[in-house]
Q: 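One structure, pasted below without further comment.
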Amino acid sequence: MSEKCIDLHVHTNFSDGFDSIEKVLKEAKENNVGVISLTEHYNVSSYKIATELAGADIEIIPGIEIGADMSKYPKTRKQHVCHILGYYISKDICKLLDMYEIDRYNCVVKTLELLKEQKIKIGIEDVIANSRDKKSIGRFDIARTLKKLGYTKSTSEAYGKYLDHGGNSYVKRQKLIPTELVKKIREYGGVPVLAHPKSIRLEKSEEEVFIKELVNAGLCGIETYTPNHKEMRKEEFLEYCRKYNLVPTVGSDYHGGKRQPVIEIGKGINNNLNITDKNIVSMLKQKKQEIDRLNQK
């Protein structure tokens, strides 16, 4: 058996992924993945179940993915997206998630009001009925409802026409700015890592300035090995990691479903991932120990 690979950015249907935990773990085993992190958006509820199901076959690293507010940065290109991954976070992260959750619900209510103004009559009860988690509804559940009730042909169309940036029913959520989010993740015992950095879409002259701001706030890593990084971009992010003592992590950002191009856990797109360097995990664990020591002072 060849050396097992690592995938530290995977989603299940506990957030916006399409596959169950069981299916995700099955694919991970089939793809020879030995270490995985289920980085659900704004929740850690899949971790306990995954560890029970995985047993000794796969190491499950606790993780989460949280969005940040990029509005203070100049919009030199397309709308910026900044997500921070938190590894080894403590249960105290729920204090931050509660704040996000209240705002999430309020945004759903306001979005439905905007849709109603466009003769799209969807009630909160419709969104709950079509949601995957009745206790926590959000923009994705509105997209599912729009599709289910025939207002759009797909969830992608729902986002593009109504719910995304520029959509006529888009409601901005209250989020921490990136530096604040990095500090909060560390405060709650987590190791903050910049997710899919290509999606930040800053001009090259601004990119390193932004990364340096995050480093000064306590950033510990950059998701360097992803299916969407060409060799040149990968080398640029590796250089940032070397320069600022950051961990170059690996993540497929797997969601399952019928997304194109097809991304496989551990393998990426057309087998372009397959990272087996266990030093990545060791370095993350070392960063976790350093953060714990600082938090105890």
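It should be emphasised that the depicted structure is a prediction, and the values quoted were computed from it without experimental measurement. When reading the values below, keep in mind they use all heavy atoms of this one structure, side chains included, and skip hydrogens, waters and symmetry mates.
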Q: Among H11, E27, H9, E264, find the residue that satisfies the side chain to side chain donor-acceptor pair (under 3.5 Å) test when tested with Y254.
A: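 Testing each of H11, E27, H9, E264 against Y254, the sole residue satisfying side chain to side chain donor-acceptor pair (under 3.5 Å) is E27.
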Q: For N272 and P227, indicate whether the former's side chain and the latter's backbone hold a donor-acceptor pair under 3.5 Å.
A: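 A pair under 3.5 Å: yes.
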Q: Is L112 linked to I102 within one hydrophobic cluster, defined over Ile, Leu, Val, Met, Phe, Trp and Tyr using a side-chain heavy-atom separation of less than 4.5 Å?
A: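 Hydrophobic grouping puts L112 apart from I102.
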Q: Test side-chain hydrogen bond (donor to acceptor under 3.5 Å, both in side chains) on S252 and D7; report intermediate values, then the result.
A: CA-CA 6 Å; S252 65; D7 194 336; 2.6 Å; yes
Q: Could you state the interatomic distance from CG (N130) to CD (E125), rounded to the nearest 0.5 Å?
A: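 Here the rounded value is 10.5 Å.
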Q: Can you check whether Y188's main-chain N or O pairs, donor with acceptor, with S90's side chain at less than 3.5 Å?
A: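 Indeed, once roles are kept as given, a pair shorter than 3.5 Å links the two residues.
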Q: Taking the side chain as every heavy atom from C-beta outward, state whether I66 and L96 have any pair of such atoms under 4.5 Å apart.
A: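 Of all side-chain heavy-atom pairs linking L96 with I66, at least one is under 4.5 Å.
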Q: Give a yes or no on whether V247 and Y240 share a hydrophobic cluster (residues Ile, Leu, Val, Met, Phe, Trp, Tyr; joining criterion: side-chain heavy atoms under 4.5 Å apart).
A: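 Hydrophobic grouping puts V247 apart from Y240.
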Q: So, the side chain of D103 versus the backbone of Q174: is there a donor-acceptor pair under 3.5 Å, distance only?
A: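 Indeed, once roles are kept as given, a pair shorter than 3.5 Å links the two residues.
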Q: In the structure I gave you, are the side-chain heavy atoms of K234 and P248 within less than 4.5 Å of one another anywhere?
A: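 Counting from C-beta outward, K234 and P248 never come under 4.5 Å.
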Q: Compare every heavy atom of A143 with every heavy atom of Y159, then report the nearest pair and how far apart it is.
A: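 Minimum heavy-atom contact is CE1-CB, 3.7 Å.
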Q: Considering residues, nucleotides and ligands other than N270, do more than 12 of their heavy atoms fall under 6.0 Å from its CG?
A: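 Check fails, neighbour count at 12 or below.
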Q: Indicate yes or no: at least one non-hydrogen side-chain atom of Y151 is less than 4.5 angstrom from one of Q118.
A: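 SC-SC contact between Y151 and Q118 ruled out.
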Q: Give me the atom names and distance for the closest heavy-atom approach of F18 to R259.
A: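 For F18 versus R259, the nearest heavy atoms are CE1-NE, 4.4 Å.
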Q: Is it true that K116 and E113 make a salt bridge, defined as a side-chain N closer than 4.0 Å to a carboxylate O?
A: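 No, this pair does not count.
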Q: Taking N31 for the side chain and V33 for the main chain, is one N or O donor matched with an acceptor at less than 3.5 Å?
A: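 Judged by distance alone, no pair lies under 3.5 Å.
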Q: Would you call K183 and E180 a salt bridge, using N to O less than 4.0 angstrom?
A: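 Salt bridge flag = no for E180 with K183.
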Q: What do the steps show when you test H196 against H229 for ring pair (Phe, Tyr, Trp, His ring centres under 6.0 Å), and what is the final call?
A: CA-CA 9 Å; H196 39 68; H229 281 172; 9.2 Å; no
Q: Tell me whether the count of non-hydrogen atoms from other residues, nucleotides or ligands lying under 6.0 Å of NZ in K175 goes above 12.
A: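 More than 12 within 6.0 Å, yes.
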Q: Whether the side chain of S37 engages the backbone of I61 through a donor-acceptor N/O pair (distance < 3.5 Å, no angle test) should be reported.
A: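 Looks like yes, one N/O pair under 3.5 Å.
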Q: Is a donor on one side and an acceptor on the other found under 3.5 Å between the side chain of N295 and the backbone of R186?
A: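 Pair found, side chain donor or acceptor close to backbone of R186.
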Q: Which pairs pass salt bridge (Lys or Arg N to Asp or Glu O under 4.0 Å) with one or both residues in residues 35-59, sequence neighbours excluded?
A: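 Found K29-D57, E59-K285.
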Q: Between L219 and V182, what is the shortest heavy-atom contact and its length?
A: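 Reported closest heavy-atom pair: N-CG1, 3.4 Å.
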Q: Cluster question for you: counting only ILVMFWY and a side-chain heavy-atom cut-off of under 4.5 Å, with indirect links fine, are V108 and Y170 together?
A: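 No, because V108 and Y170 fall into different hydrophobic clusters, even though each may have its own neighbours under 4.5 Å.
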Q: Using a strict threshold of under 4.0 Å (side-chain N to carboxylate O), is an ion pair present between E30 and K26?
A: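 So K26 pairs with E30 through a salt bridge.
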Q: Verify, without hydrogens or angle tests, whether R233 (side chain) and K198 (backbone) share a donor-acceptor contact under 3.5 angstrom.
A: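 A pair under 3.5 Å: no.
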Q: Determine whether T51 and I60 satisfy the following criterion, side chain to side chain contact (heavy atoms under 4.5 Å, CB included), listing intermediate values before the conclusion.
A: CA-CA 6 Å; T51 53; I60 310 291; 3.7 Å; yes
Q: So if you build clusters from Ile, Leu, Val, Met, Phe, Trp, Tyr with side-chain heavy-atom gaps below 4.5 Å, do L246 and M283 land together?
A: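 They do not share one cluster, since no chain of ILVMFWY contacts under 4.5 Å joins L246 to M283.
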Q: So E223 and L85, do their side chains get closer than 4.5 Å, heavy atoms only?
A: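 Yes - at least one pair of side-chain heavy atoms lies under 4.5 Å apart.
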Q: Taking all non-hydrogen atoms of both residues into account, name the closest pair between C82 and F210 and its distance.
A: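 For C82 versus F210, the nearest heavy atoms are SG-CZ, 3.9 Å.
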Q: Flag the pair I84 / V193 as yes when at least one side-chain heavy-atom distance between them is below 4.5 Å, and no otherwise.
A: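 The answer is no; the side chains never approach within 4.5 Å.
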Q: Rounded to the nearest 0.5 Å, how far apart are SG of C107 and CG of L163?
A: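 Reported to 0.5 Å precision, the distance equals 11.5 Å.
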Q: Can you tell me how far OG1 of T39 sits from CG of L8, rounded to the nearest 0.5 angstrom?
A: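 Here the interatomic distance stands at 8.5 Å.
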Q: Quick one: do L176 and K184 satisfy side chain to side chain contact (heavy atoms under 4.5 Å, CB included)? Show the steps, please.
A: CA-CA 9 Å; L176 298 176; K184 277 294 181 185; 3.7 Å; yes
Q: Quick test of your reading of the model: are E207 and K204 salt-bridged, counting only N-O distances below 4.0 Å?
A: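 Looking at K204 together with E207, the answer is yes, because their closest N to O distance falls below 4.0 Å.
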Q: Would you compute the distance between atom CG of L149 and atom CG of L146 and round it to the nearest 0.5 angstrom?
A: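 Spacing of CG (L149) from CG (L146) equals 7.5 Å.
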Q: Does either side chain, that of Q289 or that of Y88, offer a donor lying less than 3.5 Å from an acceptor on the other one?
A: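 Q289 vs Y88: no donor-acceptor pair found between side chains.
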Q: First locate atom OG1 of T155, then atom CZ of F140, and finally report the distance between them rounded to the nearest 0.5 Å.
A: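 Those atoms lie 5.5 Å apart.
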Q: Is there a side-chain contact between Y162 and T152 in this structure, where contact means two heavy atoms from C-beta onward sitting under 4.5 Å apart?
A: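 A side-chain contact exists here, since the closest heavy-atom pair is under 4.5 Å.
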Q: Check the hydrophobic clustering (I, L, V, M, F, W, Y; side-chain heavy atoms under 4.5 Å; chains of links allowed) and say if I177 and V215 are grouped together.
A: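 No, I177 does not connect to V215 through the hydrophobic network.
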Q: More than 12 foreign heavy atoms under 6.0 Å from NZ of K278: is that the case here?
A: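 It does: K278 NZ has more than 12 such atoms within range.
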Q: When you look at L284 and T249, which way does the side chain to side chain contact (heavy atoms under 4.5 Å, CB included) test go after all the steps?
A: CA-CA 9 Å; L284 283 176; T249 68; 4.1 Å; yes
Q: Indicate the atoms forming the closest heavy-atom contact of I122 with V127, along with that distance.
A: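 In terms of heavy atoms, the two residues are closest at CG2-CG2, 3.9 Å.
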Q: Step by step, would you call I263 with H255 a side chain to side chain contact (heavy atoms under 4.5 Å, CB included)?
A: CA-CA 8 Å; I263 293 177; H255 283 73; over 6 Å; no
Q: Is there a donor-acceptor pair under 3.5 Å between the side chain of Y42 and the backbone N or O of G67?
A: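 Yes; at least one donor-acceptor contact below 3.5 Å.
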Q: Under 3.5 Å, side chain of R201 to main-chain N/O of V81, donor-acceptor pair present?
A: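 Judged by distance alone, no pair lies under 3.5 Å.
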Q: Can E157 and K147 be counted as an ion pair, charged N to O under 4.0 angstrom?
A: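 No salt bridge links E157 with K147.
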Q: Taking the basic N atoms (NZ, or NE/NH1/NH2) and the acidic carboxylate oxygens, is any pair closer than 4.0 Å for K148 and D126?
A: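 Salt bridge absent between K148 and D126.
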Q: Does a side-chain heavy-atom distance below 4.5 Å link E290 with Q286?
A: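 Yes. Closest side-chain heavy atoms under 4.5 Å.
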Q: Main chain of E213, side chain of N216: is a donor-acceptor contact present, judged purely on distance under 3.5 Å?
A: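 Answer holds: no.
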Q: Side chains of P192 and I291, heavy atoms from C-beta outward: is any pair under 4.5 Å?
A: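 A side-chain contact under 4.5 Å exists here.
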Q: Nearest 0.5 Å, please: how far is CD in E231 from CG in L238?
A: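 The CG atom of L238 sits 8.5 Å away from the CD atom of E231.
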Q: Can you see which heavy atom on L97 is nearest to which on N43, and at what distance?
A: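 In terms of heavy atoms, the two residues are closest at CD1-CA, 4.2 Å.
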Q: I'd like to know if the side chain of S20 pairs up with that of N13 as donor and acceptor (distance under 3.5 Å, no hydrogens or angles considered).
A: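 On atom types as modelled, these side chains do not qualify, holding no pair under 3.5 Å.
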